[in-house]
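Here is the structure we will look at, set down as structure tokens.
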Amino acid sequence: MELFTDYTLRNVTLGSMLLGAISGLLGCFAVLRRQALLGDAMSHAALPGIALAFLLTGQRDPFTLLLGAAIAALVAALWLLAIVRTSRIKDDAALALILAVFFGFGLVLLSYVQRQPTAAQAGLKSFLFGQAAALVERDLWAMLAIGGPALALIAIFWPQVKLISFDPDVARSLGLPVRRFEVLLTGVLVAAIVIGLQTVGVVLMSAMLIAPAVAARQWTNRLETMVLLAAGFGALAAFIGAWISAQGERLATGPVIVLAMSALTAISLLIAPERGLLWRRWRLMRQWQIGNGE
Amino acid sequence: MLTPQLEVQLIAVIIAAACALPGVFLVLRRMAMLSDAISHTVLLGIVLAYLISNSLASPLLFVGTAAMGVITVWLVEMVSGSRLVREDAAIGLVFPALFSIAVLLISRYTGNIHLDTDSVLLGELAFAPFDRIELLGIDLPRALIFGGGALILNAILLALFYKELKLATFDPALAATLGFSPAIIHYGLMTSVSLTAVTAFDAVGSILVIALMVAPPATAYLLTDRLPRMIGLSVAIGVAAALSGYWVARWFDVSIAGAMATMAGIGFGAAWLFAPQRGIVAQALQHRSRRERFAVQMLTLHLLNHESTGDAAIECHPRHLIEELRWPPAFANAIVRRAEQSGLVRRQGDVLCLTEQGRALARDL
Amino acid sequence: MAFAVEIEDLTVAYGDKPALWDVDLRVPQGVLMAIVGPNGAGKTTLLKATLGLIKPAAGSVRIHGQPYEQQRRLVAYVPQRSSVDWDFPTTVLDVVMMGRYGQLGWLRRPGRAEREAALAALEQVQMADFAHRQIGQLSGGQQQRVFLARALAQNAEVYFMDEPFQGVDAVTERAIIHVLRKLRAAGKTVVVVHHDLQTVPEYFDQVALINVRRIAAGPVREVFTEANLRATYGGRVALLGANGSAGAVTTPTPAPGD
Ligand SMILES: Nc1ncnc2c1ncn2[C@@H]1O[C@H](COP(=O)(O)OP(=O)(O)O)[C@@H](O)[C@H]1O
Ligand SMILES: [Mg+2]
């Protein structure tokens, strides 16, 4: 178990697991509220925020960069909502447009940064695909500092969050401030994305939000269980991914984690009791056999 | 011969036009996010074809990537067809998985060939003129030939199947009853998107493919209601974004593909704000006059509803409008005056009455 | 007469397009009122604007004599069944308990009191046996009864229901109408968007005919006439009875999904 004893490996493993758990849990609300791809758009949109934060402050400490990422992602989300609300552009086109434009602008800024003669610029590019291997203890604390409050907010307002995710109209008729909760849930999603940027990068971050939620949904019919399971799946996939990528060279941690998570999801979609495709087919065959036997 | 600079611009223009054509239908059919998925997963097609043929120029590349685009769409439909996952989540499941495989294959097996993950996202447009092949005895950049091929192919497909595409986009049910298979049209469009993505991919990167497929048609959609005009505008806007992006990138010495995507976004933002009828500014201007027209209509209707009932003396008093319709006094007075001036209502003592003209208007509402 | 609901001059527009024009509607306390009108007439819009879910362009709503904002506690809303995702991971009991969340306060969790209120409400719609089922496993009629139970759990004075009889089985229809009559007997007021003209006289005391504007409203036997229906539906109403009396009408083009 040198995954937990070796200092670098421990940071990588723990950091990835932390990310998997937090994003898995928070991603559930994005998936249930039909905003699965919002996470994708926002994680791409974080890139110019990272570059701008670096350009403006010259710092490469995680808090500064992640704050920049969070602000850019929020701006993107707000513009997206404004586009859909005020024009005939539907959400699919708005998502793709925001994603590509913000990311393109991020690339412009990155290429500008790259020409700067400072040594500190190295590593900004790692946000594209993530660089779990570069996680240091400070990054783990940053993850906890961002993810902790997000999880706490969800826990505090659990009944309200649940009702609003299921039936916002009735929530409003009961007098809940639905708009404010929607902002809260978007903010929480931003927190999850920001946490994942260093490890899996902007391109693959959406998988860490969507896949654990989809996998967890197959095994349970209760939201409480689902969010905990999603956190567990996320952490498990991160652990497996970190372990596999420690085995060989040139196995980037981010993509391996995403593949591990995809495999867990595929298995869940196939064999989960009651819902799984193979499970249902198996039950059909059993019924057919019983029917024929009599 | 063209200078490399001109060649780069020509390539960008051709790719922008080639992307805009299928992009119009992606936007209209609400499938824009499939371009995100496809433009990522064609990388896997490229890698697999490369691993098999050991070349980045073999025809297998096109077959492989077109197939991968179609497989992506098919996988998304299979996952969402299971009814266990909604379509948006299905997209978000499928393409990161395929893209991860591609990234791992690249870093593990292809060593330091020209295929690396950065250029996948960014493209290497500035280097495109140096990768040349000969066609019919003329020495041309490979990206120019491939991009031109995609443009010609898309234009031909559009010309041949315009009617079917239009019908399947605006009335899929009718198209099906008329015998056009929606599935064939759908997969045909997706093949075209994949092929365009792969030709554009190498030169401009996957992100710019999305930007060029979605932003110009979305911009055009804010400017016109007619399909032929939307197609033409999309091409023009894409070309403008490509050229302006190129010059911005040269000016500031930054990523060309990124600058083009940024310019496409700025173009969309401008249309979103300033489009003649649908822009935010135009809407705000219309809002005021519409509000007043609306209020006058409301006033006539209100009077009509209460004309015959016994409460006309109360309901039709201007003060009542302030209380019940929740109009601010100044606004209520302005509306009453406007209605009087247009000959829709008149005052009888303290009470407002409809004229014949006002009654006719209210009845028609 | 005391009115449970007083809607005055309600006008709602989606962008440029008015969906409701200057609608006045008064619902006396303790009645069952049907809201009737063709598809797209603005019935759902009327409920949503009344409940503040859509911002009206003009108009006011009073519940039991006070502005709606102060009376939210008195009002329960049963939305159209299709308005939510029935694959949401939650149980029947959970959904019904959500009806109590308005009274819950910020930091309290639903506890035994909420549970018991929910179970009692489920009992009333004959769904107590299903309390721990996942909502996606229910039939359409059962889902509708769960929604009704959630509103009952709110213990409101005025109930607004959007098409509760849409696409439900006969058992559910009887169960719902039974509950509605019990509510009326307890002095509550129920406003129901309804699409089956034939059952209006049997089920309801009052009816409002809506088609963007209010065509007519009042006691069924006064208002539910051929002339009014014609004004509401245009030419799409066919007569069954020759004399054009109330209840003798039906729509030749039944709403899809019936
Ligand atoms: N969110 C919306 N945006 C734009 N138009 C809408 C919206 N909701 C409803 N409408 C339009 O308003 C009209 C009334 O709709 P609705 O109240 O749902 O009718 P009903 O419930 O009587 O069938 C319809 O023409 C509908 O198309
Ligand atoms: Mg309706």
Side-chain angles (χ1 to χ4, degrees), chain A residues 25 28-36 85-88 152-181 184 212-230 268 272-275 280, chain C residues 15 44 47-48 50-55 68-81 83-95 97-111 114 132-137 146-147 150-151 153-154 156 158-160 162:
Chain A
L25 197 154
C28 288
F29 298 98
V31 170
L32 290 174
R33 295 174 66 239
R34 303 167 192 234
Q35 294 186 328
R85 202 168 291 163
T86 59
S87 80
R88 66 204 301 210
L153 279 172
I154 296 283
I156 291 171
F157 297 116
W158 180 257
Q160 287 83 9
V161 165
K162 183 169 156 183
L163 170 55
I164 284 166
S165 302
F166 174 61
D167 194 340
D169 274 354
V170 161
R172 198 169 292 150
S173 84
L174 289 173
L176 296 186
V178 172
R179 270 282 154 74
R180 260 177 252 171
F181 271 102
L184 174 92
V214 170
R217 173 68 188 92
Q218 312 311 321
W219 298 91
T220 175
N221 283 326
R222 291 182 56 82
L223 184 60
E224 289 79 3
T225 322
M226 176 178 160
V227 294
L228 294 179
L229 256 184
S268 305
E274 300 297 334
R275 287 170 69 95
R280 280 189 292 185
Chain C
T44 298
L47 291 202
K48 286 193 170 179
T50 304
L51 295 164
L53 306 179
I54 306 176
K55 196 171 171 297
Y68 168 71
E69 293 77 29
Q70 300 162 21
Q71 304 278 64
R72 270 183 204 281
R73 288 273 166 89
L74 300 186
V75 176
Y77 172 46
V78 180
Q80 247 161 319
R81 191 155 47 85
S83 66
V84 302
D85 171 17
W86 288 95
D87 198 34
F88 196 88
T90 189
T91 59
V92 167
L93 185 63
D94 255 357
V95 170
M97 277 184 3
M98 286 177 189
R100 310 283 319 167
Y101 285 9
Q103 277 106 303
L104 201 55
W106 281 114
L107 296 178
R108 268 196 45 221
R109 307 277 116 152
E114 283 73 25
H132 298 288
R133 286 279 187 94
Q134 202 270 328
I135 52 173
Q137 296 166 352
V146 171
F147 262 14
R150 177 174 63 180
Q154 275 176 257
V158 185
Y159 294 80
F160 291 94
D162 202 345

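Throughout, a chain's letter reflects where its sequence line sits, starting with A, and its residues are numbered from 1.
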Does any N or O in the side chain of C/R72 come within less than 3.5 Å of the main-chain N or O of A/R172, such that one atom is a donor and the other an acceptor?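 The answer is yes, because a donor-acceptor pair under 3.5 Å joins these two groups.
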Is the number of heavy atoms from other residues, nucleotides or ligands within 6.0 Å of CZ (A/R179) greater than 12?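 No, not enclosed.
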Would you say that more than 12 heavy atoms from the other residues, nucleotides or ligands in this model lie under 6.0 Å from the CZ of A/R180, or not?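 No, the 6.0 Å shell around CZ holds no more than 12 heavy atoms from other groups.
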Please look at [X] and chain A and tell me whether the side chain, the backbone, both or neither of the residue comes under 4.5 angstrom of a heavy atom of that chain.
X: C/L53; answer: both
X: C/D94; answer: side chain
X: C/Q103; answer: neither

Which bit of [X] comes within less than 4.5 Å of chain C, counting heavy atoms only: side chain, backbone, both or neither?
X: A/A155; result: backbone
X: A/R217; result: side chain
X: A/R33; result: neither
X: A/S165; result: both

Result of checking A/K162, A/M226, A/R222 against C/T90 for side-chain contact (heavy atoms from CB on, under 4.5 Å):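 Of A/K162, A/M226, A/R222, side-chain contact (heavy atoms from CB on, under 4.5 Å) with C/T90 is met by A/K162 alone.
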Could you point out which residue of A/L163, A/I164, A/L174, A/D167 forms a side-chain contact (heavy atoms from CB on, under 4.5 Å) with C/M98?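 When side-chain contact (heavy atoms from CB on, under 4.5 Å) is applied between C/M98 and each of A/L163, A/I164, A/L174, A/D167, only A/L163 qualifies.
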Counting heavy-atom pairs under 4.5 Å with chain A, which one of C/G99, C/G102, C/A156, C/P89 comes out on top?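 That would be C/P89.
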Could you measure the distance from the CD atom of C/Q137 to the CD atom of A/E274? Nearest 0.5 Å is fine.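 Result: 6.5 Å between the selected atoms.
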